[in-house]
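Report on the structure given below.
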2 protein chains.
Amino acid sequence: MTAEEAETAARMFKALGDPVRLRLFSAVASHEGGEACVCDISDVGVSQPTVSHHLKKLKEAGLLTSERRGTWVYYRVEPSVLAAMGKLLSLPAAV
Amino acid sequence: MTAEEAETAARMFKALGDPVRLRLFSAVASHEGGEACVCDISDVGVSQPTVSHHLKKLKEAGLLTSERRGTWVYYRVEPSVLAAMGKLLSLPAAV
DNA sequence: CATCTATGTTGACGTCCATCGATACAGCTG
DNA sequence: CAGCTGTATCGATGGACGTCAACATAGATG
């Protein structure tokens with residue numbers, strides 16, 4: 001594993017390395033239709049600006065995508081990235 | 001996902017959220033026999049104390065175990081924890 | 001246009017973290 | 001015991017991070 005690969009992958013793990021972000025991500029992923037409006041998932045015990053901040057981080061890490069539809073903004077999981085992370089975890093275990 | 005579950009899982013993701021730790025972890029996991037001596041994997045571009053520090057973090061997160069054999073210390077991957085993290089990543093993607 | 005709700009941005013603050021040099025400890029070898 | 005190598009700990013430092021209050025923006029509606 002090169003330094004560049006590690007840098008990229010570490011960004012994704014780091015994004016899930018915060019309890020609030022992990023709950024937000026899980027909420028989006030397990031929500032009906034694979035997407036969720038911010039208002040559906042913002043009950044994680046922190047203020048609204050903090051929720052917005054964490055969703056932005058998850059988006060920057062490539063784990064979520066967002067789309068505005070009228071008044072609300074919907075987030076959904078980026079499936080390809082999930083697969084990459086899963087591979088990183090399952091591959092070494094098989095050795 | 002409860003706050004407690006998120007707290008526990010986030011600790012594991014956070015441990016892999018540093019490029020140096022991710023490279024160390026990957027090096028141990030992919031090393032012959034599933035274990036590696038520190039001297040085998042310490043070429044990640046940081047000082048020896050820093051390597052030791054990161055290995056300790058991975059150990060505290062429950063991702064690695066260590067055992068001293070004579071002069072050298074060997075680290076190996078904790079398989080059960082890997083499975084738990086993999087489940088967290090693959091389960092929501094299936095929904 | 002005025003106003004309301006939903007969401008994002010900014011600035012500040014306290015805390016945690018990665019890194020290093022210096023040093024200590026463990027085990028081998030002479 | 002003395003000296004050497006491999007690994008861990010300590011203390012310090014600079015930077016990154018999570019959180020909030022205040023404010024800004026987008027879209028809907030009257």
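Everything numeric here is computed off the predicted structure, so don't read it as measured data. Below, chains carry the letters A, B, ... as their sequence lines are ordered, and counting in each starts from 1. For the numbers below, each heavy atom of this structure counts, side chains included, while hydrogens, waters and symmetry mates do not.
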Is any side-chain heavy atom of A/Leu63 closer than 4.5 Å to one of A/Met85?
yes
How long is the gap from CZ on A/Arg21 to NZ on A/Lys14, to the nearest 0.5 Å?
8.5 Å
Please determine whether a side-chain nitrogen or oxygen atom of A/Tyr75 lies at a distance below 4.0 Å from atom OP1 or OP2 of C/dA6.
no
Residues in residues 58-74 of chain B with a heavy atom under 4.0 Å of DNA chain C, by number, are B/Arg68, B/Gly70, B/Thr71
A/Leu64/A/Val77 under side-chain contact (heavy atoms from CB on, under 4.5 Å): CA gap, chis, key distance, verdict:
CA-CA 5 Å; A/Leu64 294 180; A/Val77 174; 3.9 Å; yes
Side chain to side chain, A/Asp40 and A/Trp72, heavy atoms closer than 4.5 Å
no
Minimal non-hydrogen separation, A/Gly33 against A/Arg76, with atom names
O-NH2, 3.8 Å
Distances for protein N or O near nucleotides 14-23 of chain D N or O, under 3.5 Å:
residue: D/dC17; atom: OP1; partner: A/Lys14; partner atom: NZ; Å: 2.9
residue: D/dG18; atom: OP1; partner: A/Arg21; partner atom: NH1; Å: 3.1
residue: D/dG18; atom: OP1; partner: A/Arg21; partner atom: NH2; Å: 2.7
residue: D/dG18; atom: OP2; partner: A/Arg21; partner atom: NH1; Å: 3.4
residue: D/dT19; atom: OP2; partner: A/His54; partner atom: NE2; Å: 2.4
residue: D/dC20; atom: OP2; partner: A/Ser47; partner atom: N; Å: 2.9
residue: D/dC20; atom: OP2; partner: A/Ser47; partner atom: OG; Å: 3.0
residue: D/dC20; atom: OP2; partner: A/Thr50; partner atom: OG1; Å: 2.9

Nearest 0.5 angstrom please: B/Leu16 CG to B/Phe25 CZ, how far?
5.5 Å
For A/Ala36 versus A/His31, what's the shortest heavy-atom pair and its separation?
CB-CG, 3.7 Å
Determine: side-chain N/O of B/Lys56 to OP1/OP2 of D/dA8, distance under 4.0 Å, yes or no.
no
Donor-acceptor contact below 3.5 Å, side chain B/Ser52 vs main chain B/Gln48
no
